[in-house]
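Order of appearance sets the numbers: ligands from 1, and atoms from 1 within every ligand.
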Amino acid sequence: MGKSFAVLGRAFYSNDFDNINYIDKGLFCVDDRGYIENVIKSTDLEYENAVNAYKKENTLYELGDNEVILPGFVDLHIHAPQWAQSGTALDRPLEVWLTEYTFPLEAKYRDLDFADKVYNDVVRTTLYSGTTTAVYFATVDREPSVRLAEICGELGQRAFVGKVVMDEKEANPGYCCDESADSAVSETEKFIEELSGLEGKYSQGVYPVITPRFIPSCSTECLEKLGDLAKNKKLHIQTHCSESDWEHNFAKEKYNMSDAKALNKFGFITDKTILAHAPFLEEEDVKLVASKGASIAHCPLSNAYFAGAVLPLKEFYSKGVNIGLATDISGGYCPNLYSAIRQAVISSRMLNDGVDPSLDKDMRGRKESSVSLNNAFYCATIGGGKALGLPLGKLEKGYSFDIQVLDISKGLPLYYPEKREEELLHKILLLSNENNISQVWVQGKRVK
Ligand code: GUN
Ligand code: FE
């Protein structure tokens with residue numbers, strides 16, 4: 001356990017899907033377990049006394065006028081091993097990219113020195129650019145997958161990690177494949193046990209996730225047995241769902257039902273499920289996902305390459321589906337959520353307005369689809385926290401003290417006060433880069 005302390009500074013955080021809270025001079029009081037126990041504003045009566053009390057104890061961290069606090073981001077879907085090939089071969093279709101590039105790379109992590117090198121790099125890179133919580137796919141092999149969890153633990157990132165299940169001999173090469181359905185499940189069980197052994201070791205938390213790669217990579221026997229394990233363990237589950245036409249049609253051909261319905265049949269759609277991508281969900285799928293309380297990890301950059309479609313985020317959200325944001329390294333090439341926020345807005349505007357200038361203006365787009373920066377910021381913070389069932393994303397009492405501090409004196413065009421306070425947040429979201437992030441804290445611990 002740490003020591004209680006307070007940070008004094010100005011902050012933005014999402015209040016709800018559409019609205020932003022701004023605190024001009026806030027005293028963020030953090031308890032010895034890393035949770036916010038109180039937020040005292042400069043207009044509150046006890047403000048002066050509280051500031052002085054922390055000063056006296058030497059436990060006050062006062063930020064400068066050029067610094068702004070944002071909540072840490074949640075990356076709801078990222079393939080840690082694929083960091084080594086980020087920026088590579090995105091011009092190939094998903095199926096080709098998987099077979100020619102991704103599977104050979106993922107098999108390399110059996111070399112634990114290679115795993116250590118890349119995993120340290122990807123965790124540092126994401127953490128230092130504001131991702132305080134990440135939900136990772138590791139690889140098919142258990143040992144390097146456990147290493148990834150330990151590295152997250154050691155570097156201070158809150159992490160959800162899955163050993164990838166992929167046993168289907170026709171879909172996966174022999175060198176990157178579970179030996180059998182039974183061994184896929186028993187390796188997953190061992191993986192869960194090993195991560196449970198880390199419980200309490202890292203204050204920010206490192207958790208196992210049940211991870212069938214996607215329907216095409218798993219045999220029916222494996223999906224049945226892994227689904228039973230998921231029911232018994234009640235852990236988080238992550239998989240890809242209806243990412244592309246190819247994937248969407250695969251489930252229809254094999255199981256005569258949509259990808260989401262097939263996943264549900266095996267027990268993989270629960271309130272702890274994260275479905276990566278999912279732009280092709282059909283109306284009944286959306287109802288199913290909403291009624292089960294599962295979440296979508298929206299991967300806008302990756303979708304621009306592999307999905308061939310834009311997630312109708314506004315529509316799915318309005319139908320009750322919780323949505324978080326994700327980089328999908330390396331289907332998306334950029335490791336930070338700033339880029340995902342920007343792309344979520346851009347893609348949605350193209351969906352809304354349409355992109356083919358030869359069509360009449362009214363025929364071109366899908367109206368009511370535009371996602372605002374405030375919406376995307378909500379997904380990158382609160383949406384991610386909801387998907388994980390954790391108090392993340394707000395700077396209020398009871399939430400984890402996960403923050404990033406931005407030094408806005410570098411590189412941002414700030415020449416006069418903005419008309420509305422949230423316009424400063426918008427400049428930060430659109431124009432800052434990793435160099436602006438001067439501090440990162442996770443569960444009350446400074447990690448950058
Ligand atoms: N579907 C199955 N595996 C993957 C993967 O690694 N990346 C993406 N984008 N889609 C997948
Ligand atoms: Fe993915």
**Prompt:** Salt-bridged, Glu221 to Lys225, with N to O below 4.0 Å?
**Reply:** yes
* Are any non-hydrogen side-chain atoms of Leu431 and Pro413 less than 4.5 angstrom apart? -> yes
Just say parallel, tilted or perpendicular for the rings of Phe160 and Tyr207, cut-offs at 30° and 60°.
parallel
* Asked: Are any of the N or O atoms of Glu106 closer than 3.5 Å to those of ligand 1?
  -> no
ask   = Would you say ligand 1 has an N or O under 3.5 Å from any N or O of Thr102?
value = no
Ranking Glu243, His240, Arg213 by closest non-hydrogen atom to atom 6 (O) of ligand 1, top hit is Arg213
Query raised in the report: Got an N, O or S from Asp328 under 2.8 Å of the Fe ion (ligand 2)?
Result: yes
For atom 7 (N) of ligand 1, the closest protein heavy atom turns out to be Trp97 CZ3, 3.5 Å
- Message: Report whether any nitrogen, oxygen or sulfur of His79 sits less than 2.8 Å from the Fe ion (ligand 2) (N, O or S, backbone or side chain).
- Response: yes
Using the ring of each side chain (for Trp, its six-membered ring), is His77 parallel, tilted or perpendicular to His79, with breaks at 30° and 60°?
perpendicular
Counting from 1 in the order shown, the ligand 1 atoms closer than 4.0 Å to a non-hydrogen atom of His79 are 5 (C), 6 (O), 7 (N)
| request: Check the pair Lys201 / Glu150 against salt bridge (charged side-chain N to carboxylate O under 4.0 Å, His left out), numbers first and verdict last. | output: CA-CA 10 Å; Lys201 187 168 179 193; Glu150 288 169 343; 5.9 Å; no
**Asked** Are Glu368 and Lys314 ion-paired here, with the side-chain N under 4.0 Å from a carboxylate O?
**Response** no
Do Glu187 and Lys163 sit within salt-bridge range, that is, some charged N less than 4.0 Å from a carboxylate O?
-> no
With a 4.0 Å cut-off on heavy atoms, is His277 touching ligand 1?
yes
Of all N, O or S atoms in His240, the one closest to the Fe ion (ligand 2) is NE2
